[in-house]
Amino acid sequence: MLSTKKVFRFALALILIVVTSSSCARQNISPLPSKTGKTVFFNSFEAPGDTKSWYWAGSYRLTEDVPPGGGDSAIRIKGVEMLPAASFISKPLRGGGYFTLECWGKNLDIGGTVQLATIKNYEITETIQLGIFEEEWEHLESSDTLFVPPNTSLMLTMQAGGPVDGTIFVDNLTIRKVR
């Protein structure tokens, strides 16, 4: 039998998914113009300091299990049910623009996601995401771009698992401004 706390967490997670899904339906996404662009964010999780600007709901640790070209370490993330395990929020971007997301990812059990979203007035307005489901390291790139209006923040989240806890590995996390 599930405890009231677990039922509440599940209901909250379900509400977050519905809200995010309805936001996804309104996305202002355009086709990816090219696989180039200016890197505006990069994290290879090489040292403990690379995790300090993140908000952690799940647990994490650096690991020597890395993808090709991944340096000395990557991050292993254990999620807590359906809540994002980690979040990073940028300062508002004055110029805005179109952005893409890429990383290397590896699934230990039930998979997870890396998501890039726009945040305006504390609300998620647009999203793109990468699914991490393979048991071997896989390079992932968004096939869409995310339009970010001027003076809007970016929120990067990593989620491991779903209705049950899960574990993923992430490395070479990159956000590029493509136009």
Side-chain angles (χ1 to χ4, degrees), residues 20 24 29-91 93 97-119 124 126-148 153-179:
T20 302
C24 291
I29 295 175
S30 63
L32 187 62
S34 72
K35 295 188 187 221
T36 62
K38 179 182 176 188
T39 299
V40 296
F41 178 88
F42 177 80
N43 197 333
S44 182
F45 303 103
E46 295 300 314
D50 294 339
T51 63
K52 289 197 186 243
S53 297
W54 291 79
Y55 301 98
W56 295 94
S59 61
Y60 67 92
R61 68 178 174 87
L62 298 180
T63 176
E64 293 178 359
D65 184 349
V66 297
D72 293 329
S73 64
I75 195 154
R76 177 185 170 145
I77 303 162
K78 181 163 178 57
V80 180
E81 296 173 0
M82 297 182 75
L83 301 174
S87 300
F88 173 87
I89 300 174
S90 74
K91 293 179 182 177
L93 305 177
Y98 289 86
F99 295 82
T100 61
L101 176 64
E102 70 180 86
C103 71
W104 281 86
K106 177 179 172 179
N107 169 35
L108 189 62
D109 40 40
I110 65 171
T113 60
V114 175
Q115 181 181 74
L116 181 64
T118 55
I119 301 290
I124 295 174
E126 313 289 336
T127 63
I128 57 176
Q129 73 179 16
L130 305 172
I132 300 174
F133 300 106
E134 298 300 321
E135 293 179 0
E136 298 297 324
W137 282 105
E138 176 182 31
H139 184 255
L140 304 160
E141 290 183 54
S142 59
S143 59
D144 296 318
T145 58
L146 178 69
F147 174 67
V148 180
S153 295
L154 290 172
M155 182 171 72
L156 189 55
T157 58
M158 295 185 281
Q159 180 173 338
V164 297
D165 299 351
T167 304
I168 60 171
F169 296 75
V170 177
D171 202 13
N172 292 349
L173 189 53
T174 308
I175 300 172
R176 295 185 201 283
K177 183 174 183 178
V178 293
R179 55 181 165 165

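This one's a predicted model, so the numbers in the text were calculated from it and none came from an experiment.
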Pair listing, salt bridge (Lys or Arg N to Asp or Glu O under 4.0 Å) test, anchored in residues 41-50, at least two apart: none

Can you see which heavy atom on Gly105 is nearest to which on Ile132, and at what distance? C-CG2, 3.8 Å

Note: Ala117 and Thr127 closest approach over all heavy atoms is CB-CG2, 3.6 Å

Please confirm whether the backbone N or O of Gly70 pairs with a side-chain atom of Trp137, one donor and one acceptor, at under 3.5 Å? no

Assess whether atom OH of Tyr55 is packed by more than 12 heavy atoms of other residues, nucleotides or ligands within 6.0 Å. no

A side-chain contact here means heavy atoms from C-beta on lying under 4.5 Å apart; do Ile175 and Leu146 qualify? no

So how far is it from Met158 CE to Thr113 OG1, rounded to the nearest 0.5 Å? 10.0 Å

Evaluate the side-chain proximity of Leu93 to Phe99: yes if any heavy-atom separation is below 4.5 Å, no if none is. yes

Closest approach of Gly111 to Phe133 (non-hydrogen atoms, all atoms of both residues): CA-CD2, 3.9 Å

Do Leu156 and Val114 have side-chain heavy atoms sitting under 4.5 Å apart? yes

Do side-chain atoms of Ser153 reach the backbone of Ser90 as a donor and acceptor pair under 3.5 angstrom? yes

Where does the angle between the aromatic ring planes of Trp54 and Phe88 fall among parallel (under 30°), tilted (30 to 60°) and perpendicular (over 60°)? tilted

After noting the C-alpha distance and the side-chain angles of Leu116 and Leu154, does the key distance pass the side chain to side chain contact (heavy atoms under 4.5 Å, CB included) rule? CA-CA 7 Å; Leu116 181 64; Leu154 290 172; 4.0 Å; yes

Using side-chain heavy atoms (C-beta onward) and a distance below 4.5 Å, is Ile128 in contact with Thr145? no

Quick one: SG on Cys103 to NE2 on His139, what's the gap to the nearest 0.5 Å? 7.5 Å

About how many Å separate OG1 of Thr174 and CH2 of Trp104, when rounded to the nearest 0.5 Å? 11.5 Å

Glu102 versus Leu130, closest heavy-atom pair with distance: CA-CD1, 3.8 Å

Heavy atoms, side chains only, cut-off 4.5 Å: are Thr51 and Trp56 in contact? yes

Where is the tightest heavy-atom contact between Phe42 and Ser44, given as atom of each residue plus distance? CE2-CB, 3.7 Å

Thr118 versus Phe147, closest heavy-atom pair with distance: CG2-O, 3.6 Å

Rounded at 0.5 Å granularity, tell me how far NZ in Lys78 sits from CG in Asp165. 4.5 Å

Flag, side chain of Ser73 to backbone of Phe45, donor-acceptor distance under 3.5 Å: yes

If a pair satisfies salt bridge (Lys or Arg N to Asp or Glu O under 4.0 Å) and one of its residues is in residues 54-69, list it, with sequence neighbours excluded. Asp65-Lys106

Is it the case that atom CG in Asp109 sees more than 12 heavy atoms from other parts of the structure closer than 6.0 Å? yes

So how far is it from Ile119 CD1 to Ile89 CD1, rounded to the nearest 0.5 Å? 6.0 Å

First locate atom CD1 of Ile168, then atom CD1 of Ile110, and finally report the distance between them rounded to the nearest 0.5 Å. 10.5 Å

